[in-house]
Amino acid sequence: MNSKIENLILRALKKVEFDKKVDNIGDMIKIERPNDSSHGHFATNIAMQLPKYLKMSPQKIAQHIVENMPPADDLFDKVEVKGPGFINFFLTDRALQSIIKEIKVEKERFGRNNKGDNKKTIVEFVSANPTGPLTVGHGRQAVLGDCIARILEWNGYDVNREYYYNDAGRQMRILGYSTYVRYRQLLGYEEEIPEDYYQGEYIKDVAQKIVEEFGDQYKDDKD
């Protein structure tokens, strides 16, 4: 439906020759679904993007567009100009019901399109830091990231998923040193853990397992 409305608007813009005054005017057409149903099923703000090029008010531009759109009684009950220059489209019941036929034909592919035109996109998500426990939040981010990647693929983007697993470098050294301090504390040594070390209770749990398995074998071996 979006593409049908875009096409009708573009034909109107060409009929009044606005396309000759604005380069790539077709790319400026954006169709949205209003939050308020009283504003129609679909709406566009194209008229509010053109005044600086056409030197006329958005309302007048919108009126020109509506008056010069090809007849589409099978699609619209009403097309109106509202507010500062919005064009609102109210679909007929027949147009709304026609989507069922498309769904039956397209089945699992319904809604798939090539708007992304194979543009390369990177979605980096989760990247749970191995220096701390996994949380419900990490699981949530995994779901969100995967959904975003799938939506982009559905719209024609070439998606690459990335996950950063920070298992080396300064963070891991500090994790080891933090565990070493807790390990020595459990062995009875009076040591303070520095502020920039990991303070979580899980560090004590790791240290306790080391004590249980290795005793004081590494009490003097920080590395």
Side-chain angles (χ1 to χ4, degrees), residues 1-123 144-160:
M1 189 59 67
N2 282 40
S3 60
K4 290 180 181 178
I5 297 174
E6 287 176 14
N7 181 258
L8 290 171
I9 294 172
L10 184 59
R11 289 171 67 183
L13 292 169
K14 289 182 176 180
K15 186 175 180 181
V16 293
E17 299 188 342
F18 287 170
D19 61 312
K20 294 182 178 179
K21 300 177 182 179
V22 185
D23 292 334
N24 300 317
I25 196 170
D27 295 337
M28 300 173 69
I29 303 172
K30 305 298 179 187
I31 308 300
E32 299 179 343
R33 297 293 299 270
N35 293 325
D36 186 340
S37 60
S38 68
H39 296 160
H41 297 100
F42 295 91
T44 182
N45 68 346
I46 180 63
M48 290 183 282
Q49 300 182 60
L50 300 177
K52 63 181 179 180
Y53 303 103
L54 304 177
K55 309 304 180 186
M56 65 177 73
S57 70
Q59 293 91 340
K60 191 172 182 179
I61 295 171
Q63 202 61 50
H64 277 301
I65 294 172
V66 171
E67 290 174 356
N68 287 277
M69 282 176 53
D73 295 338
D74 58 328
L75 282 182
F76 307 125
D77 267 335
K78 180 173 62 173
V79 179
E80 64 179 15
V81 177
K82 283 290 186 179
F86 286 105
I87 303 175
N88 298 334
F89 300 87
F90 296 79
L91 300 183
T92 63
D93 289 343
R94 183 175 179 180
L96 288 168
Q97 293 162 2
S98 68
I99 201 72
I100 297 173
K101 294 180 180 179
E102 293 183 37
I103 293 171
K104 289 182 70 176
V105 172
E106 295 291 331
K107 297 183 179 179
E108 297 86 1
R109 295 184 59 81
F110 175 74
R112 199 176 189 98
N113 62 80
N114 294 313
K115 286 188 175 180
D117 194 26
N118 288 315
K119 294 176 183 175
K120 292 186 179 295
T121 306
I122 295 175
V123 181
L144 285 175
D146 187 59
C147 286
I148 290 169
R150 287 168 181 262
I151 289 170
L152 287 168
E153 287 175 336
W154 196 253
N155 285 275
Y157 289 86
D158 179 7
V159 179
N160 183 49

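Since this is a predicted model, take the numbers as computed values, not measurements. Quick note: numbers below take in every heavy atom, side chains included, and nothing from hydrogens, waters or symmetry partners.
- Separating the CG atom in L75 from the NZ atom in K4 is a distance of 6.0 Å, to the nearest 0.5 Å.
- Judged by distance alone, the side chain of N113 and the main-chain N or O of G111 form a donor-acceptor pair under 3.5 Å.
- Between atom CG of residue L50 and atom NZ of residue K55 there is a gap of 12.0 Å, rounded to the nearest 0.5 Å.
- Separating the OG atom in S37 from the CZ atom in F90 is a distance of 8.5 Å, to the nearest 0.5 Å.
- The stretch residues 67-83 participates, sequence neighbours left out, in these salt bridge (Lys or Arg N to Asp or Glu O under 4.0 Å) pairs: K78-E80.
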Exercise. Given I9 and F89, is the side chain to side chain contact (heavy atoms under 4.5 Å, CB included) satisfied, shown in steps?
Worked result: CA-CA 11 Å; I9 294 172; F89 300 87; 3.9 Å; yes
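- Among residue pairs with one or both ends in residues 5-19, those qualifying as salt bridge (Lys or Arg N to Asp or Glu O under 4.0 Å) are E17-K20; sequence neighbours excluded.
- E153 CD to D158 CG: the interatomic distance, rounded to the nearest 0.5 Å, is 8.5 Å.
- Distance check: I87 CD1 to I61 CD1 gives 9.5 Å after rounding to the nearest 0.5 Å.
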For this session: Apply side chain to side chain contact (heavy atoms under 4.5 Å, CB included) to the pair V105 and E102, showing each step before the final yes or no.
Result: CA-CA 5 Å; V105 172; E102 293 183 37; 5.9 Å; no
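- The two residues V22 and M28 come nearest to each other via the heavy atoms CG1-SD, 3.7 Å.
- The shortest distance between side-chain heavy atoms of L54 and K21 falls below 4.5 Å.
- Heavy atoms of other residues, nucleotides or ligands lying less than 6.0 angstrom from OH of Y53 number 12 at most.
- Ring geometry, F18 versus H64: the interplanar angle exceeds 60°, so the pair is classed perpendicular (tilted spans 30 to 60°).
- Counting non-hydrogen atoms of neighbouring residues, nucleotides and ligands closer than 6.0 angstrom, the CG atom of D23 reaches no more than 12 such neighbours.
- Counting heavy-atom neighbours within 6.0 Å of R150 CZ, excluding the residue itself, gives a total of 12 or less.
- The line from CD1 of I29 to CG of N45 is 11.0 Å long, rounded to the nearest 0.5 Å.
- Shown here for G85 and A62, the closest heavy-atom pair between the two residues is O-CB, 3.8 Å.
- The neighbour count for F76 CZ, taken as heavy atoms of other residues, nucleotides or ligands under 6.0 Å away, is above 12.
- Residues satisfying the ring-ring contact (aromatic ring centres under 6.0 Å, His included) test with Y157, not counting sequence neighbours, are none.
- Between P34 and A43, the shortest heavy-atom contact is CG-CB, 3.8 Å.
- Closest approach of W154 to E108, counting heavy atoms only: CH2-O, 2.8 Å.
- Residues F42 and R33 form a side-chain contact, since some pair of their non-hydrogen atoms from C-beta on lies under 4.5 Å apart.
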